[in-house]
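Notes for the one structure printed next.
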2 protein chains.
Amino acid sequence: MTTNTRQQIIDYSAELLRARGYSGFSFLDIAREFGIKKASVHHHFPKKVDLGLALCDWTQAWLEQGLAHFEAKGTSNWNKLERYFKAAQKHTLNEQLMCPISAFHNDLPVLDDSIRERLKALGNIELDWVERVIEQGIEAGEFLSTSAAEGSSSESSARALAGLFIFSCKGALYHARLHGKDMFHQTMQQFAALVRL
Amino acid sequence: MTTNTRQQIIDYSAELLRARGYSGFSFLDIAREFGIKKASVHHHFPKKVDLGLALCDWTQAWLEQGLAHFEAKGTSNWNKLERYFKAAQKHTLNEQLMCPISAFHNDLPVLDDSIRERLKALGNIELDWVERVIEQGIEAGEFLSTSAAEGSSSESSARALAGLFIFSCKGALYHARLHGKDMFHQTMQQFAALVRL
DNA sequence: GTCTATAAATGGATAGAC
DNA sequence: GTCTATCCATTTATAGAC
């Protein structure tokens with residue numbers, strides 16, 4: 001019955017991570033939640049790094065499941081991006097939770113190298129996904145292809161557009177946590193106005 | 001001679017704030033730097049909030065001086081934006097320092113309300129500046145004016161573009177701290193490609 | 001798997017002497 | 001302005017009994 005305590009700890013920690021950041025929660029927080037002692041939490045995760053790495057696994061699953069969900073068949077590529085930022089908006093603005101990648105990222109200075117490496121990989125999964133969607137969108141004539149100078153079909157343009165999309169989205173969400181959602185909506189709308197054909 | 005200890009503490013704290021965030025430095029760090037004891041630091045700033053608010057003042061001066069510096073006369077409006085993100089790039093990528101506003105922002109959950117209020121004002125100063133530059137740029141025909149539908153000259157468009165600029169810039173810098181500078185350059189170039197006429 | 005007990009360090013803060 | 005001394009709370013972590 002209590003065999004899944006480990007998993008429950010991970011799930012609850014993920015919530016704390018997204019609400020307060022990596023250094024914002026402690027073994028005591030977790031112990032209290034499950035009515036056990038700190039030492040018992042250490043039984044499941046000897047060091048906080050162990051828990052942190054488990055949270056990286058959790059984040060990867062969360063991310064891959066999310067991205068797959070945005071790719072409902074039959075939708076336009078813009079619609080995929082829209083699903084992405086609507087989900088982000090819901091988490092940040094309604095549920096007051098950070099994206100777990102950003103939550104880790106905020107505590108970059110205190111993270112172990114092993115976690116930093118995982119974090120890099122996670123960031124790349126996300127960026128690659130956006131790039132692929134935009135690349136397909138350019139080929140389908142949904143999006144503007146800039147720097148259409150030489151022969152590099154749409155590759156470099158797609159990655160740069162992906163950067164503009166994902167960073168403005170994350171930056172705007174970050175801003176919204178303190179200033180409210182208005183600028184987030186304006187910014188995403190502006191991106192659409194500039195890039196959609 | 002030691003009358004300016006207070007100011008020296010503020011200056012050094014600003015460095016620590018930008019390197020490690022608000023919760024990333026302690027009174028002990030400061031005491032060590034000046035060869036004094038923690039209690040002596042508390043003499044200058046009874047509570048950490050007091051130091052935090054002094055750092056908000058410092059940040060405002062830093063910001064206003066920076067923005068004024070980007071407005072060299074005779075430069076184009078694009079050039080002003082370029083100076084802005086080149087400076088940001090230098091701080092983040094060369095000096096490994098965060099913008100103090102972002103540094104505070106990272107620790108949002110643990111900040112006192114008084115600091116949060118100051119932080120909001122600081123964010124608005126920055127955003128207003130970018131908006132004004134872009135507004136002038138649109139009027140001068142330097143930048144594209146989207147959503148050129150009704151009579152709202154260039155106002156709403158300028159603010160939305162300002163959001164896209166500043167959030168993509170900050171988001172890309174954030175990303176660069178872990179992943180390196182490549183995407184930052186691509187992203188800023190992409191913004192220019194889309195918006196400059 | 002969970003407990004008690006404990007260690008060792010850190011962080012914010014205060015009282016009162018010099 | 002700075003010091004010693006001290007307090008209290010928190011956090012990560014370990015040893016060993018049940």
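These values consider heavy atoms only, across backbone and side chains, with no hydrogens, waters or symmetry-generated copies. Letters A, B, ... mirror the listed sequences (proteins, then strands); counts begin at 1.
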For B/Lys38 and D/dC8, give me the distance from atom NZ to atom P, rounded to whole Å. 15 Å
Nearest heavy-atom pair of B/Phe184 and B/Leu93: which atoms, and what distance? CD2-CD1, 4.5 Å
Is the distance from the ring center of A/Phe191 to that of A/Phe85 below 6.0 Å? no
Is there a donor-acceptor contact under 3.5 Å linking the side chains of B/Glu64 and B/Gln60? yes
Ignoring hydrogens, what is the shortest heavy-atom contact between B/His44 and B/Ile9? Give both atom names and the distance. CD2-CD1, 3.7 Å
Atom CZ of B/Phe25 to atom P of C/dG12: distance rounded to whole Å? 8 Å
Can you check whether B/Thr5 has a side-chain N or O nearer than 4.0 Å to OP1 or OP2 of D/dT2? yes
Just call it for A/Lys47: base, sugar-phosphate, or nothing, with non-hydrogen atoms closer than 4.0 Å on any strand. sugar-phosphate
Would you tell me if any nitrogen or oxygen in the side chain of A/Lys37 comes within less than 4.0 Å of OP1 or OP2 on C/dG1? no
From D/dC3, C/dG1, D/dT11, nucleotide with atom closest to A/His44 side chain: C/dG1
Rounded off to whole Å, could you give me the CG-to-P distance for the B/Asn4 and D/dT2 pair? 10 Å
Checking all strands, does A/Ser26 fall into the base, sugar-phosphate, or nothing category for heavy-atom contacts under 4.0 angstrom? sugar-phosphate
Just how far, in rounded Å, is P of C/dA13 from CG of B/Leu51? 10 Å
What is the distance from CD1 of B/Ile36 to P of D/dG1, rounded to the nearest Å? 11 Å
Closer than 4.0 Å, any side-chain N/O of B/His43 to the OP1 or OP2 of D/dT2? no
Given atom CZ of A/Phe27 and atom C1' of D/dT14, what is their separation to the nearest angstrom? 12 Å
Confirm from the modelled atom types if A/Lys48 and D/dT11 form a donor-acceptor pair under 3.5 Å, side chain to base only. no
What is the distance from NE2 of A/His42 to C1' of C/dA8, rounded to the nearest Å? 13 Å
By the 4.0 Å heavy-atom rule, please label B/Gly35 as base, sugar-phosphate, or nothing. sugar-phosphate
For D/dC3 and B/Ser40 - does any side-chain N or O of the residue sit under 4.0 Å from the phosphate oxygens OP1/OP2? yes
Whole angstroms only, please: what is the CG-P distance between B/Asp112 and C/dG12? 14 Å
What orientation do B/Tyr174 and A/His105 show, parallel under 30°, tilted 30 to 60°, or perpendicular over 60°? parallel
